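Bear in mind the structure is a predicted one, so any value in this text is a computation, not a measurement. Only this structure's heavy atoms are used, side chains among them; waters, hydrogens and symmetry mates stay out.
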Amino acid sequence: MEVIKQTPRSSSMNLAKRVAQHPLDDLSVLEVARAAAACRAHAAAEDCGELRFNSIMLQEPPKAALLDFLNGRAAPPARRAAATLIVPSRALAVDAVVELRGGRGGGGPDAVVAWRILEGVHPMTTPDDNDLAEAIMKSDPTVLRLVAERYGIRDAAQLACDTWACHNAPKHLNQRRLMQGFLYGRMCDGDNEYAHPLDMVPIVDLNERRVVHIDMADGAPPAMPLQPNNYHARLQAHMPWRKDLKPLHVTQPSGPSFAVEGSLVAWQKWRIRVGFNPKEGLVLHQVGYEDAGMVRPVLHRMSLVEMAVPYGDPNYMQARKSAFDVGDYGFGFCANSLKLGCDCLGHIKYFDGVVNDASGAPVVIKNAMCLHEEDAGLLWKHTDVRTGHVEVRRSRRLVFQQIATFMNYEYILSYNFYQDGHISFEAKLSGILSTSLAPPGGEPVPSFGILVSPGVQATAHQHFFCVRIDPAVDDSDGGKGLAVAEVNAVPVPPGDGNPYGNAFEVRETELRSTREAARDVDFGAARVWLVKNPAKVNAVSGRPVAFKLVPGPTPKMMMGPTSLVYKRARFATHNLWVTPYADDQRFPAGDHVVQSTECMGLSRWTERDAPLGPGTDPVLWYSFGITHVPRVEDFPVMPVEVVGFELKPEGFFTCNPAVDLPPTKKDTMSVEYGGGGAGRSSSGTGGGGGVPLQAPVCLSCAPTADASIGALLGTPMLAATAPAGLRSRL
């Protein structure tokens, strides 16, 4: 596979003519520019001086107003942009809302309708902020003098500064807008700097644009590790590359089975609207499943809303490593431009992402998200032992994927939809370990990590993810009438009711308040959480229709209640939280978390112990993660680790919804090993094998490559022949 360098972000206006067709469509290039212009005009009237834009994104309509429009009860809600900006000369930040009136014909000029000065908080650090911080550090005379004296680095080109938001900043500096830099040597272009850690951490004031503090170890400096440990193919001249790997192609000769119209995707009875913003990156809206001629709502909205990545080394400089990647940097800002044939295989639909730079100019991230199908193994199978007849269907899944790079780490996020009506979320962790100098004295086994290269330590750490799930299970009011319950498997005590000692029962406990709903996984009890609609009863089971949240493996937070990360990342101290819906509750650690000293989200929202249940429109916040104890095998670049969870229908359907998958026809692409490339092919009803993405569907029935969304949306709710006004609301 060809190795392709990352394409730089483009600020071209190729999306300028795009007009929003739906209230949830992302801001266009032109709308970002218009929002910035309105903010500049307002700031000039306030005599603010120079502005530095942080983020500009769609201000999503209030949920009630959106639902009124979607259900035909009201006109489209106002089109608005949310902008966060910095006024460096005053060392203050502002949250602004701009009403984009010019796009609605005769609506008058765009106008700032809210301008709120932020007190005691710092907005996230953008790619421009990170570039600025590194440039300040690498041009600071004191930093350059110290790295020359301590490590012999006299060329700034050989100095790399990993810029992080400043967790646990020195108290006398915390009111400033700071970034800290973990320093490394880089011996040549492409060299893996993480094999050459240094023991200095400068801190920059971004508003003043200068280094204001430097931390370093006392006494004589340890030597910088010099042994290279590279992964870059250009630096592997003597690598004995494997020669026995033969091509494996993913082909879809009849095209994909999905169709896309704007931001709306249709696939195998699923309907999903996709979005993107600088902070959350990939967002899913209005997820539904077509059943018995109608699209039944499943999710109103779902996205990754925060992370916490605390490191376990108590050394003062290393204790400042704790990243809140959503709130500190933004998954959208850090999105990769995905590459065909490398990041994504098969027939791919790409979506660009529109963000902004520090001047407020729009920036287009080409191919920020991808959509594709994958073979997912067997979906169901049965062999009739009496007749020998076999029925088998292969599974296919639809994948929405985004990849983001945060200095050393990559996160590959995917939302996966399956033909049996279930959804999974996967986060794959890759990239490079954030390293530090090994403890002095040659300790063979460091207390808080492991040696991954001579003199190089990788610290044990944790990654916590929080996904916000706004369910709408069979509820056209966006989930207002739903309830949440916990389900546990419980052994029945021996006795009259259990004379053979084998009985166990499944107990369901409704979560009736926000404090009751702060829950943790219990794999011994097969614990799941049920989101049910009491107003809709399954005709077979007689129980409310529901979806259940099925946890994957996840650890407890290792940091105790006295630690700063525990106080800031309260969302990670329980696996499940449930709160009544509120338009202004989106981010569980707070809207602006950089340098925070407490949780400004879930811990505040649950203090009142608000009631839950039908009428409260419950929102689930699911937190999960991984404890990463590094291995030597994780260096110089890390094989992926995978974490996630599933959302499964629980009495939502009246039978297996994938029983209608057609039997597979003869697939001439599959061959038997040893057949010389033309061995026996699979054949017969329900045949098993096949090239991925071809087996589950009759080739004669597969949609053509140019299938219109109208052909796939043949339901009363989403019919292509519906009035234009109705289609625009979907």
Asn408 vs Ser434, test: side-chain hydrogen bond (donor to acceptor under 3.5 Å, both in side chains). Steps then yes/no. CA-CA 6 Å; Asn408 58 301; Ser434 180; 4.6 Å; no

Is there a side-chain hydrogen bond (donor to acceptor under 3.5 Å, both in side chains) between Ser424 and Glu646? Walk through the geometry before answering. CA-CA 4 Å; Ser424 72; Glu646 294 181 300; 5.5 Å; no

Test side chain to side chain contact (heavy atoms under 4.5 Å, CB included) on Ile403 and Tyr411 and set out the steps. CA-CA 6 Å; Ile403 304 175; Tyr411 295 103; over 6 Å; no

Evaluate the criterion salt bridge (charged side-chain N to carboxylate O under 4.0 Å, His left out) for residue pair Arg177 and Asp129; output intermediate values, then yes/no. CA-CA 10 Å; Arg177 182 165 170 76; Asp129 290 332; 3.0 Å; yes

Evaluate Ile86 against Asn207 for side chain to side chain contact (heavy atoms under 4.5 Å, CB included), listing each step before the verdict. CA-CA 9 Å; Ile86 311 294; Asn207 288 328; 3.5 Å; yes

Run the salt bridge (charged side-chain N to carboxylate O under 4.0 Å, His left out) test on Arg210 and Asp205 for me, step by step, so that the C-alpha distance in whole Å, both residues' side-chain angles and the decisive distance to 0.1 Å come before the verdict. CA-CA 6 Å; Arg210 66 185 184 92; Asp205 183 318; over 6 Å; no

Audit row: Val632, Ile450, side chain to side chain contact (heavy atoms under 4.5 Å, CB included) steps and yes/no: CA-CA 8 Å; Val632 175; Ile450 187 173; 4.2 Å; yes

Salt bridge (charged side-chain N to carboxylate O under 4.0 Å, His left out) between Asp313 and Lys321, intermediate numbers included: CA-CA 9 Å; Asp313 189 337; Lys321 281 184 178 178; over 6 Å; no

Determine whether Phe635 and Ile432 satisfy the following criterion, side chain to side chain contact (heavy atoms under 4.5 Å, CB included), listing intermediate values before the conclusion. CA-CA 7 Å; Phe635 204 67; Ile432 305 179; 4.0 Å; yes

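If you take CZ on Arg234 and CG on Asp189, they are separated by 5.0 Å, rounding to the nearest 0.5 Å. Considering SG of Cys370 and CG of Leu282, their distance stands at 9.5 Å, rounded to 0.5 Å. Expressed to the nearest 0.5 Å, how far CZ of Arg154 lies from CD of Glu149 amounts to 9.0 Å. Taking CZ of Arg568 as the start and OG of Ser596 as the end, the distance is 3.5 Å to the nearest 0.5 Å. Atom CG of Leu429 and atom CE of Met638 lie 5.0 Å apart (nearest 0.5 Å). One distance of note links CG of Leu564 with CZ of Arg320; it measures 12.0 Å at 0.5 Å rounding.
For the pair Trp621 (side chain) and Leu576 (backbone), a donor-acceptor distance under 3.5 Å is absent. In this structure, Gln180 contributes its side chain and Ala165 its backbone to a donor-acceptor pair below 3.5 Å. Here the side chain of Gln595 pairs no donor or acceptor atom with the backbone of Val121 at under 3.5 angstrom. With Asn356 contributing its side chain and Ile56 its backbone, the two residues share a donor-acceptor pair below 3.5 Å. A distance-only check finds no donor-acceptor pair linking the side chain of Lys567 to the backbone of Pro561 [under 3.5 Å]. Proximity of a side-chain donor or acceptor of Gln402 to a complementary backbone N or O of Phe331 within less than 3.5 Å is detected.
Residues Val201 and Leu183 have side chains not in contact (no heavy-atom distance under 4.5 Å, counting atoms from C-beta outward). Met224 places a side-chain heavy atom less than 4.5 Å from the side chain of Ile153. Asn54 has its side chain within reach of Met124: a pair of non-hydrogen atoms, C-beta onward, lies under 4.5 Å apart. Tyr409 has its side chain out of reach of Asp325: every pair of non-hydrogen atoms, C-beta onward, lies at least 4.5 Å apart. You'll find the side chain of Leu451 reaches within 4.5 Å of the side chain of Pro446, heavy atoms only. In this structure the side chain of Ile203 never reaches within 4.5 angstrom of the side chain of Ile214, judged on heavy atoms. Contact check for Trp577 versus Leu620: no side-chain heavy atoms found under the 4.5 Å cut-off. In this structure, the side chains of Val204 and Leu178 stay at 4.5 Å or more apart for every pair of heavy atoms.
With 3.5 Å as the limit, one finds no donor-acceptor pair spanning the side chains of Asp128 and Thr126. Between the side chains of Asp328 and Thr125, no donor N or O sits under 3.5 Å from an acceptor N or O. Inspection of the Thr627 and Gln462 side chains reveals an N or O donor paired with an N or O acceptor under 3.5 Å. Residues Arg468 and Ser303 have side chains that never bring a donor and an acceptor to within less than 3.5 angstrom of each other. Side chains of His196 and Asp191: a donor on one and an acceptor on the other come within 3.5 Å. Using modelled atom types and a 3.5 Å distance limit, the side chains of Asn367 and Ser337 yield no donor-acceptor pair. A donor and an acceptor atom, one from each side chain of Ser623 and Asn575, are nowhere located under 3.5 Å apart. Side-chain polar atoms of Gln158 and Asp155 form no donor-acceptor pair below 3.5 angstrom.
The pair Arg586-Glu280 meets the salt-bridge criterion, since a charged nitrogen lies less than 4.0 angstrom from a carboxylate oxygen. A salt bridge is absent between Arg145 and Asp140; no separation between the charged side-chain nitrogens and carboxylate oxygens falls under 4.0 Å.
The aromatic ring centroids of Tyr194 and Tyr184 lie less than 6.0 Å from each other. Within the 6.0 Å centre-distance limit, the rings of Phe182 and Trp164 are counted as a close aromatic pair. Taking the six-membered ring wherever Trp is involved, the centroid distance between the rings of Phe465 and Tyr622 does not fall below 6.0 Å.
The number of heavy-atom neighbours closer than 6.0 Å to NZ of Lys428, taken from other residues, nucleotides and ligands shown, is 12 or below.
Residues Gly560 and Tyr566 come closest through the heavy atom pair O-CB, 3.1 Å. Here the shortest heavy-atom pairing between Gly431 and Val637 reads O-CG2, 3.3 Å. Shown here for Pro439 and Gln457, the closest heavy-atom pair between the two residues is CD-OE1, 3.4 Å. Smallest separation of non-hydrogen atoms from Ala323 and Tyr329: CB-CE1, 4.2 Å. Shortest non-hydrogen contact noted between Asp343 and Leu338 is OD2-CA, 3.4 Å. Across all their heavy atoms, Ala460 and Pro630 have their closest contact at CA-CD, 3.7 Å.
Tested against Met369, the residues Phe400, Phe276, Tyr350 include a single side chain to side chain contact (heavy atoms under 4.5 Å, CB included) partner, Phe276. Each of Gln401, Arg396, Arg397 was checked for a side-chain hydrogen bond (donor to acceptor under 3.5 Å, both in side chains) with Glu374, and the lone residue meeting it is Arg397.
Aromatic ring orientation, His463 versus His461: perpendicular (interplanar angle above 60°, classes split at 30° and 60°).
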